[in-house]
Undergrad: 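If you scroll down you'll find the structure; I have some questions about it.
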Amino acid sequence: MLKTGVVADRRYLKHFAGRAHPERPARAEVMIEMAESLTRPNLSFMAPREATHEELASCHVPEYIATVARTASMDRFDFDPDTHSSRDSYETAILAAGGVLTAVEAVMDGAIDNGFAIVRPPGHHALPNRAMGFCFFNNVAIVAKWLIEKRGLKRVMIVDWDVHHGNGLQDIFYESPEVLYVSTHQFPEYPGTGSLHEIGYGAGLGFNVNAPMPAEFGDAEYIRVFDRLIMPIGRHFKPEFILVSCGFDAHFRDPLAQMRVTEAGFAAMARRVKRLAAECCGGKMVAALEGGYDLEAIAESGRAVIDEFGRDADEPIRPDEGGDRVMPMIERAAQNVGRFWNLG
């Protein structure tokens, strides 16, 4: 079995956005309890470190970082109607970014084969100068920058299967040919970005790939998108490391979206990303928790993904069956980005 490292820490429960807020401490708590119940071999747990100011500043302007830091002296601060902080939010947010870095460092140093970071608050909506969508610092973007600037990588791939488009990730890397950003998401849905025509700019043209789907799509459609679009583009790009923005809010029980993915669907996507990592970069990959707001759904989906991460990468991949409804979207995406990638 592959060695999987899990970053988990009950300090992630300290961030509090409000009694009725969906991004609540129990999200991390049920994931941690699930992970601690796993008994499979080659599973290790790691305590997160805090991200440094320099690491945060690779993606966020200093004035914004200072604004978030000042909330440590406030019982509550409202960044926007959805994004609220408490006195512990800044500390928890830098621990979230640092937790993903902890897992990536362990993979890069050969201590583990792959990793899963159970962190909160999430990050993929966070912009360089703005919090939004429950997110303060863009955890996965900070790690991608770290891999490029500190470890000298030239090709990092981000696969974002959260049900909401990662507008912050897209914004930060929109002109970069070093980061391939691929997103599957419900569309139109918050935050309203992620159309087929958003394909990057300048040197980054073609390195931003969106797969927007209507409500009610599920396992068959997602797997078809992976097999016909994401996997071929990834093989052409040949990433040196793969990061997964791992939201579980595309699950059929999630209260904030209307997709129909099951635990088996998340495992199937994880198996494909794991295979791509094995083919291109020696299996180097880390997933970071993003959205997911039904507690049972995120715990069981997280279990399926972590179990999948431990299985050998050469296990068979079941071909996509069904999913014909998503083919028009795939064909339109191919028209927009096909000139940059071999989709055959």
Undergrad: Ser245 and Asp162: side-chain donor and acceptor closer than 3.5 Å?
TA: no

Undergrad: What pair of heavy atoms forms the shortest contact from Val107 to Gly115, and how long is it?
TA: CG2-N, 4.2 Å

Undergrad: Under the side-chain hydrogen bond (donor to acceptor under 3.5 Å, both in side chains) rule, what pairs show up with a residue in residues 60-69, not counting sequence neighbours?
TA: Thr67-Arg70

Undergrad: With clusters defined by side-chain heavy atoms of hydrophobic residues (ILVMFWY) lying less than 4.5 Å apart, directly or transitively, does Phe16 cluster with Leu95?
TA: no

Undergrad: So which heavy atom on Val261 is nearest to which on Asp219, and how close?
TA: CA-OD1, 3.2 Å

Undergrad: Heavy atoms, side chains only, cut-off 4.5 Å: are Leu243 and Met285 in contact?
TA: no

Undergrad: Which residues pass the side chain to side chain contact (heavy atoms under 4.5 Å, CB included) test with Ala106, not counting sequence neighbours?
TA: Met46, Ala111, Ile112

Undergrad: Taking the side chain as every heavy atom from C-beta outward, state whether Phe134 and Pro22 have any pair of such atoms under 4.5 Å apart.
TA: yes

Undergrad: What's the shortest heavy-atom distance between Ala141 and Ile172, and which atoms?
TA: CB-CD1, 3.8 Å

Undergrad: Please report, to 0.1 Å, the donor-acceptor pairs under 3.5 Å made by any side chain of residues 28-38, with sequence neighbours excluded.
TA:
| from | atom 1 | to | atom 2 | distance (Å) |
| --- | --- | --- | --- | --- |
| Glu36 | OE2 | Arg10 | NH1 | 3.1 |
| Ser37 | OG | Met34 | O | 2.6 |

Undergrad: What distance separates Asn129 CG from Asp171 CG, expressed to the nearest 0.5 Å?
TA: 8.5 Å

Undergrad: Do Gln186 and Pro214 have side chains that approach each other closer than 4.5 Å (heavy atoms only, starting at C-beta)?
TA: no

Undergrad: Measuring only between side-chain heavy atoms, which start at C-beta, is Arg155 closer than 4.5 Å to Phe237?
TA: yes

Undergrad: Decide, yes or no, whether a salt bridge links Arg272 with Asp227 under the criterion of side-chain N to carboxylate O below 4.0 Å.
TA: yes

Undergrad: Once rounded to the nearest 0.5 Å, what's the spacing between atom CD of Glu198 and atom CG of Asn167?
TA: 9.5 Å

Undergrad: Assess the residue pair Asp160 and Val182 against the criterion (side chain to side chain contact (heavy atoms under 4.5 Å, CB included)); give the C-alpha distance rounded to whole Å, side-chain angles, the decisive distance to 0.1 Å, and a yes or no.
TA: CA-CA 6 Å; Asp160 187 345; Val182 181; over 6 Å; no

Undergrad: In terms of hydrophobic clusters joined by side-chain contacts under 4.5 Å, are Ile330 and Phe226 together?
TA: yes

Undergrad: With rounding to the nearest 0.5 Å, note down the distance linking CG in Leu276 to CD1 in Ile230.
TA: 10.0 Å

Undergrad: Which heavy atom of Arg87 sits nearest a heavy atom of Met74, and at what distance?
TA: CG-O, 3.1 Å

Undergrad: I'd like to know if Lys284 and Glu240 make a salt bridge, using a cut-off of under 4.0 Å between side-chain N and carboxylate O.
TA: no

Undergrad: Just by distance, with hydrogens left out, do Gln258 and Glu216 show a side-chain donor and acceptor under 3.5 Å apart?
TA: no

Undergrad: Run the ring-centre check on Phe136 versus Phe79 and record whether the distance is less than 6.0 Å.
TA: yes

Undergrad: Can you list the residues that meet the side chain to side chain contact (heavy atoms under 4.5 Å, CB included) rule with Ile148, with sequence neighbours excluded?
TA: Val156, Glu178, Val179

Undergrad: Taking the side chain as everything from C-beta on, heavy atoms only, tell me whether Ile306 gets closer than 4.5 Å to Arg40.
TA: yes

Undergrad: Where do Leu56 and Ala97 come nearest, in terms of heavy atoms and distance?
TA: CD2-CB, 4.4 Å

Undergrad: Out of His185, His124, His125, which residue meets the ring-ring contact (aromatic ring centres under 6.0 Å, His included) rule with His165?
TA: His185

Undergrad: Which pair of heavy atoms, one from Val7 and one from Gly99, lies closest together, and at what distance?
TA: CG2-O, 3.5 Å

Undergrad: Keeping Tyr190 on the side-chain end and Gly133 on the backbone end, is there a donor-acceptor pair under 3.5 Å?
TA: yes

Undergrad: Which of these passes ring-ring contact (aromatic ring centres under 6.0 Å, His included) with Phe248: Tyr293, Phe266, Trp161?
TA: Phe266

Undergrad: Hey, are Ser86 and Ser89 close enough side-chain-wise for a donor-acceptor pair under 3.5 Å?
TA: yes

Undergrad: How far does CD of Glu290 sit from NE2 of His164, to the nearest 0.5 angstrom?
TA: 11.5 Å

Undergrad: Name all pairs fulfilling the side-chain hydrogen bond (donor to acceptor under 3.5 Å, both in side chains) condition that reach into residues 98-115, sequence neighbours left out, sorted by first residue then second.
TA: Thr4-Asn114, Arg49-Glu105, Asp109-Arg151

Undergrad: In the hydrophobic clustering (ILVMFWY, side-chain contacts below 4.5 Å, transitive), which residues join Tyr174, or is it alone?
TA: Tyr201

Undergrad: Side chains of Thr52 and Glu55: donor-acceptor distance under 3.5 Å anywhere?
TA: yes

Undergrad: When you measure from the side chain of Arg271 to the backbone of Pro316, do you find a donor-acceptor pair of N or O atoms at a distance under 3.5 Å?
TA: yes

Undergrad: Quick check: do Ile298 and Asp294 have side-chain heavy atoms less than 4.5 Å from each other?
TA: no

Undergrad: Please walk me through it: do Glu308 and Lys274 pass salt bridge (Lys or Arg N to Asp or Glu O under 4.0 Å)?
TA: CA-CA 8 Å; Glu308 186 59 48; Lys274 184 181 65 178; 2.8 Å; yes

Undergrad: Taking atom types as modelled, find out whether Gln170 and Asn210 have a side-chain donor-acceptor pair closer than 3.5 angstrom.
TA: yes

Undergrad: Between atom OG1 of Thr184 and atom CE of Met329, what is the distance when rounded to the nearest 0.5 Å?
TA: 8.5 Å

Undergrad: Atom NZ of residue position Lys3 - does it have more than 12 heavy atoms of other residues, nucleotides or ligands inside 6.0 Å?
TA: no

Undergrad: Checking Val244 against Met269 for the side chain to side chain contact (heavy atoms under 4.5 Å, CB included) test, could you report, in this order, the C-alpha distance in whole Å, the side-chain angles of both residues, the deciding distance, and whether it holds?
TA: CA-CA 10 Å; Val244 180; Met269 291 187 281; over 6 Å; no

Undergrad: Determine whether the aromatic ring centres of residues Trp341 and Phe207 are separated by less than 6.0 angstrom.
TA: yes

Undergrad: Are the side chains of His197 and Asn336 in contact, using a 4.5 Å heavy-atom criterion?
TA: yes

Undergrad: Can you get from Val159 to Tyr181 by hopping between Ile, Leu, Val, Met, Phe, Trp and Tyr side chains that sit under 4.5 Å apart?
TA: no

Undergrad: Ignoring hydrogens and geometry, is there a side-chain-to-backbone donor-acceptor pair from Asp80 to Asp82 under 3.5 Å?
TA: yes

Undergrad: Answer yes or no: is there an ion pair linking Glu221 with Arg224, defined by an N-O contact shorter than 4.0 Å?
TA: no

Undergrad: Going by heavy atoms in the side chains, are Ile233 and Leu343 under 4.5 Å from each other?
TA: yes

Undergrad: Under a 4.5 Å side-chain heavy-atom rule over Ile, Leu, Val, Met, Phe, Trp and Tyr, are Val143 and Leu169 clustered together?
TA: yes

Undergrad: Please lay out, stage by stage, how His84 and His15 fare under the test side chain to side chain contact (heavy atoms under 4.5 Å, CB included).
TA: CA-CA 10 Å; His84 319 291; His15 164 57; over 6 Å; no

Undergrad: About how many Å separate CG of Leu101 and CH2 of Trp146, when rounded to the nearest 0.5 Å?
TA: 6.5 Å

Undergrad: Do the side chains of Ile242 and Leu180 join up, straight or via other hydrophobic residues, at under 4.5 Å, putting them in one cluster?
TA: yes

Undergrad: Check this for me: Glu315, atom CD, are more than 12 non-hydrogen atoms of other residues, nucleotides or ligands nearer than 6.0 Å?
TA: yes

Undergrad: Please test Val305 against Phe116 for side chain to side chain contact (heavy atoms under 4.5 Å, CB included), starting from the C-alpha separation and ending with a verdict.
TA: CA-CA 9 Å; Val305 169; Phe116 193 106; 3.9 Å; yes

